[in-house]
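In what follows, chains are A, B, ... by sequence order, proteins preceding strands, each numbered from 1.
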Amino acid sequence: MAKNLLIVESPAKAKTIEGYLGKDFTVKSSYGHIRDLVKSEDAIDINNNFNQRYEVPADKKQVVSELKKLAKEADMVWLASDEDREGEAISWHLFETLGLKEPDTRRIVFHEITKPAILKAIENPRKINYNLVNAQQARRVLDRLVGFELSPVLWKKVKPSLSAGRVQSVAVRLIVEREREVNKFKAEAAFKVVAIFGQGRNAFKAELPERFSQQADAEKFLQDCVKALFEIRSLETRPTKRSPAAPFTTSTLQQEASRKLGYSVSRTMSIAQKLYESGYITYMRTDSVNLSDTALNAAANEITSAYGDKYHQQRKYKTKSAGAQEAHEAIRPTYFDKHTIDGDGAEKRLYELIWKRAIASQMSEAQFEKTVAKISISTRKEELVANGEVMKFDGFLKVYLESHDDEDDNQADGENAILPPLSKGQQLDLQEMTATERFSRPPARYTEASLVKKLEELGIGRPSTYAPTISTIQNRGYVVKEEREGRQRNFRVLTLKGNDITKEEKTENTGAERGKLFPTDIGAVVNDFLVQHFNGIVDFNFTASVEKEFDEIAQGLKDWTKMIRTFYDPFHKDVANTIETAEKATGERELGVHPESGKKVSVRIGRYGPFVQVGENANDESEEKPLYASLRTGQSIETISLEDALELFKLPKVVGEYEGKIMKVAIGRFGPYISHNSAFVSLPKEIDPLDVTEEQAIELIEAKRKKDAEKLIKTFDEDPDVKILNGRWGPYIEFGKLNVKIPKDKEPASLTYEECKALADATPATTKKGRFGKAAPAKAAAPAAKKAPAKKKAPAKKK
DNA sequence: CAGTGAGCGAGCTTCCGCTTGACTT
């Protein structure tokens with residue numbers, strides 16, 4: 001038995017380290033945290049110094065018992081979790097849970113998984129840093145208190161099962177506020193003048209720095225240019241350079257993989273996880289841009305041998321993010337001489353991206369010669385400007401060019417074009433000049449990756465939580481990732497050619513979005529509610545300010561329970577006050593009055609989602625009941641117009657007759673559908689329910705019948721409502737409204753009616769939904785309830 | 001599931017940060 005047990009957080013890391021240390025060491029992993037606060041309300045004892053109750057979650061029991069056993073057998077246990085707040089806490093939880101004793105325990109840390117780093121760490125053990133542990137406890141307790149007190153407020157005031165938290169609520173806020181900026185944005189049009197001089201290979205573009213807001217001014221300018229002389233007034237050439245970006249962190253990897261490969265952040269992370277487990281890359285959840293000395297040398301060797309000495313330049317990067325804890329290296333290939341790897345296409349592409357970025361980060365800068373030519377116009381005082389750029393040395397650009405979110409902006413302007421040989425005083429031949437109407441652009445909606453970037457800038461969230469946070473806000477229905485169609489927009493183009501000026505009107509598509517994050521109505525309502533009642537929590541600086549206090553705790557300058565007390569008491573007061581006084585939040589908005597009846601038209605969120613209401617709530621029997629209609633996908637209570645709202649009442653609508661029965665189009669909870677003779681057909685997305693023709697409807701009904709017939713295996717004379725069908729997951733019996741799976745040992749085609757009935761009777765009706773969600777399972781059917789009888793709920797809080 | 005938007009009301013939902021596989025539908 002090995003004398004030493006060394007525990008790290010990640011199993012892949014454990015494997016590597018075991019190779020470095022030899023027989024005297026057993027290296028195991030804790031798989032992250034091994035304990036957490038209990039789920040129940042009594043996890044934190046508010047009145048007793050915020051004492052915590054921890055438990056080992058079910059999925060960690062096995063790991064813990066194995067570690068316990070090994071720890072008992074070992075002479076010395078080395079706690080080698082990461083050197084950051086969470087890592088220190090993991091060591092402490094291990095110490096407590098495994099029942100370790102101080103003389104036989106060492107705490108060690110390293111920032112890179114290299115043999116010298118590990119050996120050095122072992123020579124320099126220390127004790128658990130309880131200040132750091134306290135800082136983590138403060139973080140953990142604060143997040144629990146915030147999350148588990150705020151969420152229930154939402155259940156009461158907005159809708160059950162919603163959630164709020166220090167991180168997710170700010171993420172939603174960013175998206176809601178950006179959407180509002182986009183919606184209130186008014187595009188401003190201005191004419192941009194571009195001239196083309198010279199012929200053929202010597203042709204080049206020049207631009208007028210000023211823009212004209214009025215068409216008349218642009219026209220006048222072109223008019224003035226008809227007989228004008230153009231001359232190069234000044235010519236300036238200067239060297240410029242561009243430097244490579246730092247190697248990847250989690251967030252920059254997510255951004256580049258999104259821009260260059262189109263991966264979602266969760267896809268990027270799961271591919272990176274595979275690469276890590278295969279030993280191709282270093283750890284992928286990191287906020288550090290640092291490379292180990294071993295890596296610097298390996299990169300230097302690779303660059304020198306592959307590209308030559310002049311392409312290499314050693315660089316050490318410093319992190320720019322304030323909250324960075326830098327427990328690991330930057331993300332880099334484990335072996336720089338491996339330009340590509342075995343694996344599927346996605347893995348290969350991500351690996352190559354990581355390899356290029358890391359290699360480029362150690363390469364020389366690219367050198368350019370930038371030329372600016374200013375061109376005077378004899379009839380005007382303005383000058384045209386031509387920019388040219390010639391690359392003199394490619395440097396790092398040989399392998400990698402970083403992309404940016406706002407890429408397409410400059411590209412079209414010929415910013416980096418090559419200019420022909422020019423000289424000062426040279427007369428130029430105008431070939432063509434255009435004045436094109438261009439529009440200012442609204443701020444860009446967030447993509448998953450650009451949201452991560454923003455969160456990182458605000459110091460909110462950690463490398464391990466970016467991807468899960470993005471999923472959470474989508475799963476809660478606060479945010480949707482969507483494509484939206486743009487709309488056509490006209491713009492004017494004036495062209496001067498020869499001595500003639502022509503005008504034309506062109507159209508372009510604008511506002512189309514792909515893979516952008518949009519707030520839902522519920523997201524907006526929840527956000528507004530939180531901003532109104534808990535501004536301090538959803539403040540963009542809240543995390544930064546508590547982080548500062550956590551740092552003070554980590555340095556031993558502050559008592560963590562005092563810090564939490566100072567936060568909690570007023571916060572809890574707000575919670576209690578809000579529960580008592582706040583109205584239910586529905587996002588209600590009045591759109592106006594119905595043009596014919598004069599009744600009030602309003603929108604709000606109801607039990608089944610956003611809807612329009614015409615007429616007041618009936619509080620008296622003599623009054624008429626109001627009319628309701630659900631909003632369609634893509635519509636929102638915040639932006640819908642009165643006209644669009646009234647459109648919704650044009651459904652349900654009879655679109656024709658078929659086989660003697662009417663066909664009706666309506667919108668249901670699951671979207672638009674056609675009903676016919678008590679059968680239902682969903683409308684495909686691309687068909688507008690208001691435009692369905694009789695022919696289309698018949699076609700759809702027939703198509704549905706055909707599809708159903710393909711699924712049908714057998715029917716019965718005894719009861720037409722009983723069928724055997726082939727479903728997505730195999731054959732099943734449709735017994736009236738109940739679907740029953742057919743056991744594997746039965747042949748579906750040979751089942752008799754009686755057998756079907758028996759199977760149906762044996763199936764508990766748990767799939768049926770009651771009015772308030774899932775129907776309770778029949779009491780007698782569940783004799784052995786696993787759960788202990790529910791605890792008595794704490795009596796209602798005193799008022 | 002197929003046109004609702006009350007209330008009735010037992011018992012449930014929920015946080016952030018560390019880690020990976022185990023899961024059906």
Among B:dG21, B:dT13, B:dT19, the nucleotide that comes nearest once only the side chain of A:Pro160 is considered: B:dT13

Interatomic distance, A:Arg462 CZ vs B:dT19 C1' [rounded to whole Å]: 14 Å

A:His676 side-chain N/O to A:Tyr658 backbone N/O, donor-acceptor pair under 3.5 Å: yes

B:dC15 base / A:Arg140 side chain donor-acceptor hit below 3.5 Å: yes

Whether A:Tyr628 stacks on the six-membered ring of B:dG3 base, 5.5 Å and 30° limits: no

A:Arg144 CZ - B:dT14 C1' separation (whole Å): 9 Å

Check ion pair A:Glu18-A:Lys28 (N to O, under 4.0 angstrom): no

Option among A:Lys13, A:His111, A:Gln325 that satisfies the side chain to side chain donor-acceptor pair (under 3.5 Å) test with A:Asp82: A:Lys13

Pairing of A:Arg140 and A:Asp36 as salt bridge, 4.0 angstrom limit: yes

Check: A:Arg139 side chain, B:dC16 base, donor-acceptor under 3.5 Å: yes

Phosphate OP1/OP2 of B:dT14: any A:Arg476 side-chain N/O under 4.0 Å: yes

Stacking of A:Phe611 on B:dG5 base (centres under 5.5 Å, planes under 30°): yes

Ring-on-base stacking B:dC18 with A:Tyr31 (under 5.5 Å, under 30°): no

Residue A:Arg607, side-chain atoms from C-beta onward, closest of B:dC15, B:dC18, B:dG5: B:dG5

Side chain of A:Thr465 - closest among B:dG3, B:dT14, B:dG17: B:dG17

Touch class at under 4.0 angstrom, heavy-atom based, for A:Val146 against every strand present: nothing

Stacking of A:Trp155 on B:dT13 base (centres under 5.5 Å, planes under 30°): yes

Nucleotide B:dG3, atom P - distance to CZ of A:Phe649 in whole Å: 16 Å

Pair A:Arg35 + A:Glu55: basic N to acidic O under 4.0 Å: no

Polar pair under 3.5 Å, donor/acceptor by atom type, side chain A:Tyr466, base B:dG17: no

No-H, no-angle donor-acceptor pair, A:Ser163 side chain to B:dT14 base, under 3.5 Å: no

Given DNA chain B, 5'-ward residue of the pair A:Leu145 and A:Tyr283, judged by closest heavy atom: A:Leu145

